[in-house]
Every structure is written in C-alpha cells, then in structure tokens.
A.B. asks: 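Structure below; questions to follow.
The basis for the numbers below is simple: all heavy atoms, side chains too, and nothing from hydrogens, waters or symmetry mates. Just so it is clear: chains get the letters A, B, ... in the order the sequence lines come, proteins before strands, and each one is counted from 1. Predicted model, so just to flag it, every value in this text is computed and none were measured.
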2 protein chains.
Amino acid sequence: MNVKLKDIADRTGFSINTVSRALREDSRISEATRVTIRRIANEMGYIPNVVAGSMRSNRSRTIGIISADSANPFFAEVIQGIEEKARKANYSILLINTEEQAANERDAIRLLLGRQVDGLVIAPVYNDEENLALYRELTIPYIFVGRYVDGMQDHSILHGDVEGQALAVDHLLRHGHRKILYIAGPKNISNTIDRLQGLTQAYHAHNLEIDESYILSSSGHMEDGYARVNQALNRGLSFTAVVCFNDLLAIGALKSLHENSLSVPDDVEVFGFDNLAMSQFMQPRLTTVEVPKNRLGQKAVEELVRHIEDPAYPYTTVNMKPRLILRESTLANHMDNNATH
Amino acid sequence: MNVKLKDIADRTGFSINTVSRALREDSRISEATRVTIRRIANEMGYIPNVVAGSMRSNRSRTIGIISADSANPFFAEVIQGIEEKARKANYSILLINTEEQAANERDAIRLLLGRQVDGLVIAPVYNDEENLALYRELTIPYIFVGRYVDGMQDHSILHGDVEGQALAVDHLLRHGHRKILYIAGPKNISNTIDRLQGLTQAYHAHNLEIDESYILSSSGHMEDGYARVNQALNRGLSFTAVVCFNDLLAIGALKSLHENSLSVPDDVEVFGFDNLAMSQFMQPRLTTVEVPKNRLGQKAVEELVRHIEDPAYPYTTVNMKPRLILRESTLANHMDNNATH
DNA sequence: CGTTCATGGATTAACGTTAACACAACATTT
DNA sequence: AAATGTTGTGTTAACGTTAATCCATGAACG
C-alpha cells in the first residue's frame with residue numbers, strides 16, 4: 001500500500017493533521033517540525049493523494065479543456081500553451097475534443113463538472129441555445145479561448161478576427177485586386193462569422209460590394225482548400241487572389257493552384273490566417289495573419305486561475321492584436337512589408 | 001449546492017445506497033426502483049461526483065498521458081487517437097508534456113500517481129536509469145506508445161522503426177543512390193536509435209559501408225531540417241538524396257533545397273518518416289514512411305484498458321507494420337510505387 | 001409447516017485528506 | 001499579576017461516494 005499521512009504521523013509522532021499542515025507549508029507549524037516531517041515524508045516516498053485532498057477541500061486543482069480537435073495544429077498550439085501554463089500554476093488538465101458538435105460540448109461540460117474541475121477553458125460552438133443556458137448555470141469559472149458566444153463576450157480571449165481579416169483583404173484591395181476568392185470556415189464558430197465580417201468591412205471601406213459567388217464555404221481543413229480552389233477553377237471562376245479562413249485551407253489552395261499551373265504569387269496571391277508553424281515552410285512561404293496561439297492558451301489559463309483564486313475578479317474580454325505576416329505567397333513590393341519568415 | 005445522492009434519496013424515499021446502486025445499474029435493484037430513481041435523478045439534474053466515487057472505489061477512470069510535446073503534429077495525432085478511444089471507453093485523460101526531459105517525465109509520473117490515475121500512456125525518454133527504476137516500481141498498468149525502453153519492450157506499442165527506415169533507404173540504394181544524407185532525430189528516444197539501425201541494416205544488405213559524415217544529428221523539427229541541409233550544402237557535401245528521421249525535418253529540407261535551386265526529386269530525392277497530414281500538401285508531395293499515429297494512440301488505450309480491467313492480462317509488444325508512401329519527392333519510375341496521396 | 005434461498009433494500013463503515021475548533025504553553029501587555 | 005495575545009499542535013468531524021454487512025419479505029422446497 002502507498003504511504004499515507006497516517007504512516008508519516010505514526011513514524012514522526014505528530015498528529016495526521018500536523019503532518020498535513022507541515023507538508024502544505026502551513027504557517028502555523030514550527031520550522032523544526034516542518035523540516036523533520038518533510039524529511040521523513042521524502043524518505044518514505046510519500047505522494048499525496050490528490051483525490052482525497054480534493055474531496056475534502058473542494059478544490060481539485062484541475063482544469064477542464066474543451067477543444068474542437070486537439071490534432072488540428074491551431075488547437076495543438078493553443079493546448080500546448082494551456083498545458084504549459086497550467087503545469088506551472090500547479091493545475092492539471094483534463095482534455096476533451098468535441099469535433100465542433102454542440103452536443104459533445106454539453107457532454108464534455110457535464111463530465112468535467114462531475115470530475116469537479118475548478119474551471120473550464122472552452123473553444124465553444126457558436127450560440128447553441130442549449131449550451132448558452134448551460135454556461136449561464138455554471139458555478140465555476142470558465143474562459144472561451146479564441147472564440148466567443150453572444151452575450152458572454154467578456155469570458156473570451158480573442159485575437160481580432162474582424163480586424164485581422166479586414167487588414168488582409170484591405171491589403172489586397174489596395175494593391176488592385178478586385179476578384180478575390182474567399183474560402184470561409186466552419187459555420188458554427190464565431191471566427192468564421194467575424195472573419196467574414198472583416199472581409200465585408202474591407203470591401204466597404206473601399207466602396208466595393210462583395211460578389212457572393214466568390215465566397216465559398218468549407219470546414220477549414222487542407223483538403224477543403226484544395227477542393228474549393230479546384231472547383232472554382234473548374235467552374236471557370238476568374239480570380240487574382242485567394243483569401244482563406246485559415247492557413248490549412250491556404251495550404252490546400254496552394255496545392256491546387258500549383259497543380260493547375262498557376263503561379264503564386266504572380267498569377268494568384270494567397271492569404272492564410274493563423275500563422276501556423278508549418279506555414280513558413282510552404283512553397284512559397286505563406287502570407288498570413290498572426291494569431292498568438294500559444295499565448296492565447298497561456299492567457300486563458302492565467303485568467304482562469306485568477307478567477308478561480310478570486311471569485312470577485314471581474315470578467316473582461318481580452319483582445320490580442322492581429323498582425324499581417326507578409327511572405328512569398330503575396331507580392332511584396334510595397335512599404336508595409338515588415339516580416340521575413 | 002449540487003444535487004447529491006442524499007438529495008435523491010430524500011426525494012424518492014430510498015436509501016442513499018439504493019440510489020447509488022440504481023444509478024450504477026447494479027443487478028440487485030428492481031427494474032421499477034431503478035426507473036423511478038433514474039427519472040428523479042434526471043429531473044434533479046444529478047451529476048455524480050466522480051472524485052468522491054474514485055476515492056471510495058479506488059478507481060478514478062482516469063488515464064495519465066505523458067507526451068513529449070502535444071503541439072508536435074506527430075503527438076497531436078497520437079493524442080487525438082488516445083482521447084477518442086479513452087472517451088469512448090469512459091475514461092478521462094490527464095495530459096502532461098515533458099519536452100523530452102527525463103526529469104519532467106519523472107515529475108509527471110509522480111503527479112499522475114498522486115492523482116490516482118488507473119494507468120499511464122507514456123512516450124518515454126530512452127533508458128534513463130532513474131526512470132527505468134521508477135517504471136519497475138509502478139503498481140498501475142502502463143503502456144509506452146511509439147517508443148520503448150530496454151528490458152520493457154513488452155509494454156510498448158511500436159510501428160517498425162528499424163524496418164521502416166530500412167525499407168526507405170533500401171529503396172534509394174536500389175535506385176542507385178550512394179550519397180545519401182541522413183538527418184537523425186533527438187538522441188534520447190528509441191526511434192532515433194532504431195531508425196539509425198534501419199539505415200545501417202539497409203546499407204549492409206547492399207554490402208555498403210556508411211560514411212559517418214553523412215549522418216547529421218538534430219532535434220527533429222522543421223528548422224533543423226532546413227538548417228542541416230543548408231549546412232551540408234555550405235560544407236560542399238555532395239549528395240543525391242536526403243533521408244530524414246521524420247517528416248518535419250524533411251519539410252525543412254525541402255525548403256532549403258528549393259532555396260538552393262536544387263530540384264526535388266530530379267537533383268535530390270527526399271524521404272520523410274511518419275506521414276503527417278501536411279506532408280502530402282508539400283511541394284513536391286513528400287515521400288515518407290507511414291506510421292498509423294491515430295491508431296497507435298487508440299491501440300495504446302485499448303491495451304491499457306485491458307490491463308486495468310484485468311490485471312492478469314499479459315504484456316506483449318504490439319507491432320504495427322510500416323509501409324512506404326511513395327510520392328513526388330522521390331522518383332517514381334519503378335514498380336513498387338503503390339501509393340498516391 | 002419449518003427450512004432454505006433468492007430478492008430487494010437498509011445500515012454502517014470506510015476511502016485519505018483538510019477544515020474547524022480546541023487548547024496548552026509561553027510571551028506580552030497593562 | 002491578571003488579562004490578552006501568539007505559537008504550535010491535537011481532536012473531531014466532515015467531503016460524497018461505494019463496499020461490506022445485514023435484514024426483511026416472500027417464494028420454493030421437502
């Protein structure tokens with residue numbers, strides 16, 4: 001059997017409680033006692049039973065992470081940031097993927113509540129009625145990472161989707177593009193909506209109307225980018241630039257353009273979004289919008305932990321600035337090119 | 001306060017224990033009682049306190065996952081398989097990254113033991129003395145995923161590193177290559193050792209000796225592949241093929257070759273390993289060795305759960321077959337080209 | 001018709017920890 | 001010197017669940 005507080009108590013002669021307090025660095029234990037107890041505990045190879053402690057103290061030091069798909073490089077990096085920060089703050093993380101399904105998200109929340117997590121970091125499906133109700137009933141802190149749902153934006157850590165997409169499209173419009181193919185993301189997430197809005201905003205700023213036939217839907221994967229561009233070309237749609245909801249789509253788009261003997265950026269310029277690690281290794285290097293993924297995860301945990309440790313700490317939307325990363329997939333002969341690789 | 005078994009007991013008139021058993025589908029409860037209790041529990045929005053249950057039953061239905069780096073696309077896919085399978089088997093996963101540091105791995109194991117996990121899935125650092133001792137002392141089941149440590153191979157799920165690398169190198173040797181640059185992986189993992197052995201094996205099968213100056217070390221990231229090939233070219237090393245420990249390196253290598261105006265595959269052929277999702281979107285599409293990453297994760301959980309549920313279930317190494325995926329980064333004019341993308 | 005057995009449920013005692021309270025010994029204040 | 005802290009520790013009671021027992025009822029049996 002594993003070593004318990006009782007074993008240390010028996011061995012040292014102190015009470016279980018004193019042992020517990022000494023190991024927890026409680027201030028009311030004398031230095032001498034603390035040292036003795038810690039030494040013996042080490043000798044005996046004591047590993048605290050966190051489950052038992054959680055139960056009594058009503059704090060599990062565990063955070064639930066509800067991601068859409070941990071294998072998606074975007075989330076993979078966000079989760080990395082979360083894991084790192086959580087580990088350093090002495091929290092453990094329980095990870096669940098929802099595959100963007102509202103019902104899975106509900107199940108995940110309930111499961112994690114049952115496991116007594118101290119807080120939740122969620123990449124939420126957009127405005128699902130049932131889920132909105134569920135969030136409102138939550139009695140533990142929760143942070144939406146990289147996304148939002150209506151009415152609870154103050155729980156979100158965001159990275160300027162509207163502005164970022166507007167910047168990208170504006171960049172192209174300013175350089176004369178008028179036939180821009182836009183490949184949108186999955187329907188049920190706020191990012192898709194915001195980036196579409198950014199697109200519109202940029203057009204309007206140039207007093208232009210969008211041709212809806214240049215907006216294609218997708219689920220945001222590399223295969224979609226490839227297939228959508230193929231389809232557009234097959235339909236005989238003419239365009240001089242492709243703006244993608246994310247880098248994965250853009251990578252697929254690059255592939256299709258290459259196969260169709262269209263040169264990037266000379267024949268067609270391509271814009272991604274997210275700045276994945278792999279994007280600068282594409283041929284050509286992908287121009288994109290920077291999203292601080294790792295930082296996003298870290299920030300989510302930082303905020304969450306503050307809420308956990310101080311229930312009075314108010315919720316406020318955290319906004320991170322988007323930034324264009326101009327590389328080889330767009331033409332670089334202009335002054336606002338401030339990035340290399 | 002949350003609904004507890006006691007609340008349901010009060011409401012239905014049954015004892016706490018009967019309620020507990022009814023909800024757990026215990027056979028000794030009548031159908032009528034079970035139905036009533038379940039209905040009321042639902043009405044009241046009961047969510048079982050898993051922590052309390054774990055404590056009493058000594059089973060947490062939690063698995064600890066010790067990965068090197070969850071943001072690495074290889075692990076990201078393995079973890080996805082793990083998460084999916086675990087969720088379906090009604091287990092939750094606690095995720096920790098070690099950054100390939102033996103000391104972090106130890107900390108992770110102890111942390112997870114303290115959290116009373118029912119089993120561990122580990123991507124272990126190779127043969128760290130202290131860790132080997134720690135594994136041997138473990139009283140819960142554990143599976144090494146995609147790697148092994150000496151003396152405990154039977155705890156591993158493997159995917160034929162030696163054979164896979166030998167196949168790849170043999171393929172090139174058979175097609176006349178004699179100057180093959182090999183970029184190896186991180187020193188402290190079994191995969192690096194095995195793949196180097198596969199390399200050697202293939203050379204020996206062709207009665208050739210390896211020129212050690214063609215073997216470069218790396219930590220297995222895209223940047224390394226890029227830098228190593230750059231360095232080799234700068235050193236004036238002549239080679240007709242680059243074989244990489246993994247796809248990430250190969251992607252970096254492709255970049256460097258392109259920048260140095262070397263055509264792939266015409267001037268230099270490039271071989272990766274792992275078959276990452278992104279690899280078929282490279283320009284040119286990357287030839288590689290298939291590793292069933294998702295399946296690897298799933299299998300690890302399958303095995304682990306069997307061990308958890310039946311302590312007598314014997315450990316045996318699970319081997320998965322490697323398979324060449326020949327694409328555009330190698331010349332395809334030969335009969336054994338059986339793959340597209 | 002008493003005995004045995006199955007069925008359905010209640011009672012009690014844990015699981016290992018921490019919180020709340022109590023209290024002795026000694027120091028400090030007034 | 002009494003009153004009031006302060007320091008360090010022990011005692012007791014939870015936390016919410018499940019395991020281990022035990023018990024009542026009625027059916028089945030010879």
Side-chain angles (χ1 to χ4, degrees), chain A residues 1-38 40-41 44-62 90 110-111 113-118 139-140, chain B residues 1-38 40-41 44-62 90 110-111 113-118 139-140:
Chain A
M1 211 47 209
N2 288 331
V3 181
K4 301 180 288 188
L5 288 181
K6 179 164 193 322
D7 302 322
I8 303 175
D10 291 349
R11 174 89 172 274
T12 58
F14 290 102
S15 72
I16 292 182
N17 191 288
T18 298
V19 173
S20 168
R21 293 212 290 237
L23 294 174
R24 278 179 294 144
E25 304 282 345
D26 187 297
S27 60
R28 297 176 307 180
I29 300 294
S30 73
E31 187 57 22
T33 308
R34 196 201 321 273
V35 168
T36 314
I37 290 179
R38 300 199 135 255
I40 302 283
M44 299 177 75
Y46 175 67
I47 298 180
N49 181 329
V50 180
V51 169
S54 301
M55 186 172 170
R56 178 65 237 252
S57 69
N58 227 6
R59 295 198 60 209
S60 63
R61 294 205 82 87
T62 306
N90 254 296
R110 279 193 266 264
L111 178 74
L113 289 178
R115 288 183 172 271
Q116 313 301 114
V117 295
D118 293 336
T139 54
I140 56 172
Chain B
M1 210 48 209
N2 288 331
V3 181
K4 301 179 288 186
L5 287 181
K6 179 165 192 322
D7 302 321
I8 302 175
D10 290 350
R11 173 88 172 274
T12 57
F14 291 102
S15 73
I16 292 182
N17 188 279
T18 298
V19 172
S20 169
R21 294 215 288 237
L23 295 173
R24 278 179 293 144
E25 304 283 345
D26 187 296
S27 60
R28 296 177 309 180
I29 302 293
S30 73
E31 186 58 23
T33 309
R34 194 200 324 272
V35 169
T36 313
I37 290 179
R38 302 200 132 252
I40 303 283
M44 298 176 77
Y46 174 68
I47 297 179
N49 181 329
V50 180
V51 169
S54 300
M55 186 175 169
R56 180 62 235 253
S57 68
N58 227 4
R59 297 199 57 210
S60 63
R61 294 206 80 88
T62 306
N90 254 295
R110 280 194 265 265
L111 177 74
L113 289 178
R115 287 182 173 270
Q116 314 300 115
V117 296
D118 293 336
T139 55
I140 56 171

A.B. asks: State which of dA19(D), dT17(C), dT17(D) makes the closest approach to the side chain of S57(B).
C.D. replies: dA19(D)

A.B. asks: For I29(B) and dA6(C), what is the distance between atoms CD1 and P respectively, to the nearest whole Å?
C.D. replies: 18 Å

A.B. asks: Looking at R11(A) and D7(A), does any basic side-chain N land under 4.0 Å from a carboxylate oxygen?
C.D. replies: no

A.B. asks: Check the distance between dG9(C)'s C1' and E31(B)'s CD and give it to me in whole angstrom.
C.D. replies: 16 Å

A.B. asks: When the distance from CG of N2(B) to C1' of dC15(D) is rounded to whole Å, what number comes out?
C.D. replies: 13 Å

A.B. asks: Look at the side chain of R21(B) against the base of dT18(D) and say whether a donor-acceptor pair falls under 3.5 Å; ignore hydrogens and angles.
C.D. replies: no

A.B. asks: Determine whether a donor-acceptor pair (one donor, one acceptor, N or O, separation below 3.5 Å) exists between the side chain of N17(A) and the base of dT18(C).
C.D. replies: no

A.B. asks: Please determine whether a side-chain nitrogen or oxygen atom of Y46(B) lies at a distance below 4.0 Å from atom OP1 or OP2 of dT17(D).
C.D. replies: yes

A.B. asks: Could you state the CZ-P distance from R24(B) to dT17(D), rounded to the nearest angstrom?
C.D. replies: 11 Å

A.B. asks: Would you mind telling me which of dG10(D), dT17(C), dG16(D) lies closest to the side-chain atoms of A52(B)?
C.D. replies: dG16(D)

A.B. asks: Using whole Å, report how far CD1 of I16(B) lies from P of dT18(D).
C.D. replies: 11 Å

A.B. asks: Do the non-hydrogen side-chain atoms of V51(A) and M55(A) ever get within less than 4.5 Å of each other?
C.D. replies: no

A.B. asks: With nearest nucleotide decided by heavy atoms, which residue, M55(A) or S30(B), maps closer to the 5′ end of DNA chain C?
C.D. replies: S30(B)

A.B. asks: Between C1' on dT17(D) and CD on Q116(A), what's the gap in Å once rounded to a whole number?
C.D. replies: 11 Å

A.B. asks: Just how far, in rounded Å, is P of dC15(C) from NZ of K6(A)?
C.D. replies: 10 Å

A.B. asks: Please work out if S54(A) contacts a base, only the sugar-phosphate, or nothing of the nucleic acid, heavy-atom cut-off 4.0 Å.
C.D. replies: nothing

A.B. asks: Expressed in angstrom and rounded to an integer, what is the separation of N49(A) atom CG from dC15(D) atom C1'?
C.D. replies: 13 Å

A.B. asks: Looking at OG of S54(A) and CG of N49(B), how far apart are the two atoms once the value is rounded to the nearest 0.5 Å?
C.D. replies: 9.5 Å

A.B. asks: So for R56(A) and dT18(C), does any side-chain atom that can act as donor or acceptor lie under 3.5 Å from a complementary atom in the base?
C.D. replies: yes

A.B. asks: Among dT9(D), dT18(D), dA10(C), which nucleotide sits nearest the side chain of F14(A)?
C.D. replies: dT9(D)

A.B. asks: Has S15(B) got a side-chain N or O lying under 4.0 Å from the OP1 or OP2 atom of dT11(C)?
C.D. replies: no

A.B. asks: Check every strand shown and say whether G13(A) touches a base, only sugar-phosphate, or nothing at a heavy-atom separation below 4.0 Å.
C.D. replies: sugar-phosphate

A.B. asks: Report yes if a side-chain nitrogen or oxygen of T33(B) is closer than 4.0 Å to either non-bridging phosphate oxygen (OP1 or OP2) of dG9(C); otherwise report no.
C.D. replies: yes

A.B. asks: To the nearest 0.5 angstrom, please state how far the CZ atom of F14(B) sits from the CD1 atom of I37(B).
C.D. replies: 5.0 Å

A.B. asks: As an exercise, state the distance from OG1 of T18(A) to CD1 of I8(A), rounded to the nearest 0.5 Å.
C.D. replies: 12.0 Å

